[in-house]
Amino acid sequence: KLTLLLLCVATLGLVSCQKDTIINQTTPNITIVRDVTSSQWVLSNDGLTYSANISSNLIDQFHVDNEGTLVYISYNNGLSYIQLPFVYNIDAYSYEVYNGGLSIDIQSSDYQDRAPIRPSSNVRVKIVLIASK
């Protein structure tokens with residue numbers, strides 16, 4: 001009985017040991033802030049989408065394939081931001097990331113036969129590139 005009791009105590013002691021692994025992220029996220037003028041928004045041939053392209057050599061194919069991207073837009077010079085995608089006044093704002101940059105699109109959210117509203121002033125865009133290992 002004593003041997004069995006000592007075996008149980010030893011087993012519980014070994015099972016209760018815990019190894020914690022702490023991972024430090026050494027690759028920081030990158031934030032890019034750009035202003036898009038009203039003239040940079042280009043209407044598509046069918047008249048249903050305004051697009052603005054933002055070029056950045058920080059967005060490469062590795063980033064497109066393996067990492068994350070967050071995009072925010074501000075109509076008040078960066079006092080506040082709205083995260084894309086979102087819908088405002090029937091227009092849907094979205095983005096596409098590609099090797100070398102990203103494209104922001106404005107389209108009608110309910111597919112009405114109308115052109116979306118082009119921003120009439122400068123728009124500040126904040127792009128956060130989220131690193132991944």
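Because only heavy atoms are used, hydrogens play no part in the values below, and waters and symmetry mates are left out as well, while side chains stay in. On a predicted model such as this, the values are computed, not experimentally measured, just so you know.
Pairing each heavy atom of K126 with each of V33, the nearest pair is CG-CG2, 4.2 Å. Shown here for P119 and S38, the closest heavy-atom pair between the two residues is O-OG, 2.9 Å. When all heavy atoms of N66 and S132 are compared, the closest pair comes out as O-CB, 3.6 Å. Nearest heavy-atom pair, A92 versus S109, reported as atom, atom and distance to 0.1 Å: CB-CB, 4.0 Å. Shown here for S108 and P116, the closest heavy-atom pair between the two residues is N-CB, 4.4 Å.
Residues L43 and V36 share a single hydrophobic cluster, defined by chaining ILVMFWY side chains whose heavy atoms lie under 4.5 Å apart. Hydrophobic clustering, with ILVMFWY side chains joined whenever heavy atoms are under 4.5 angstrom apart, keeps Y95 apart from V128. Linking ILVMFWY side-chain heavy atoms closer than 4.5 Å, directly or via other members, places W41 and L48 in two distinct hydrophobic clusters. Using a 4.5 Å cut-off between side-chain heavy atoms of Ile, Leu, Val, Met, Phe, Trp and Tyr, with links allowed through other members, L102 and I82 fall into the same hydrophobic cluster.
Each ring pair (Phe, Tyr, Trp, His ring centres under 6.0 Å) pair with one or both residues in residues 68-92, not counting sequence neighbours, appears once here: F86-Y93. Residues in residues 27-44 take part in these salt bridge (Lys or Arg N to Asp or Glu O under 4.0 Å) pairs, two or more places apart or across chains: D35-R124. The stretch residues 77-94 participates, sequence neighbours left out, in these salt bridge (Lys or Arg N to Asp or Glu O under 4.0 Å) pairs: D91-R114. Pairs engaging residues 59-83 under the salt bridge (Lys or Arg N to Asp or Glu O under 4.0 Å) rule: none recorded [sequence neighbours left out]. Sorted pairs that involve residues 74-84 and meet salt bridge (Lys or Arg N to Asp or Glu O under 4.0 Å), not counting sequence neighbours, are lacking altogether.
Remark: S55 engages no residue in a side-chain hydrogen bond (donor to acceptor under 3.5 Å, both in side chains) (not counting sequence neighbours). Residues satisfying the side chain to side chain contact (heavy atoms under 4.5 Å, CB included) criterion with N89, sequence neighbours excluded, are I117. S103 is linked by a side chain to side chain contact (heavy atoms under 4.5 Å, CB included) to S51, N53, Y98, D105, counting only residues two or more places apart in sequence or in another chain. Legend: residues meeting side-chain hydrogen bond (donor to acceptor under 3.5 Å, both in side chains) with N76, ordered by chain and number and at least two apart, are S74, S80. Taking the side chain to side chain contact (heavy atoms under 4.5 Å, CB included) definition, one finds that N122 meets it with T37, sequence neighbours left out. Applying the side chain to side chain contact (heavy atoms under 4.5 Å, CB included) test to E96 and every residue at least two apart in sequence or in another chain returns nothing.
Residues I59 and V64 form a side-chain contact, since some pair of their non-hydrogen atoms from C-beta on lies under 4.5 Å apart. In this structure, the side chains of I106 and R118 stay at 4.5 Å or more apart for every pair of heavy atoms. Between L70 and Q83 there is a side-chain heavy-atom pair separated by less than 4.5 Å. Side chains of I32 and S56 form a contact here, defined as non-hydrogen atoms less than 4.5 Å apart. Side-chain contact between I54 and I127 is present, with at least one heavy-atom pair separated by less than 4.5 Å.
Side chain of T69 to backbone of L129: no donor-acceptor contact under 3.5 angstrom is found.
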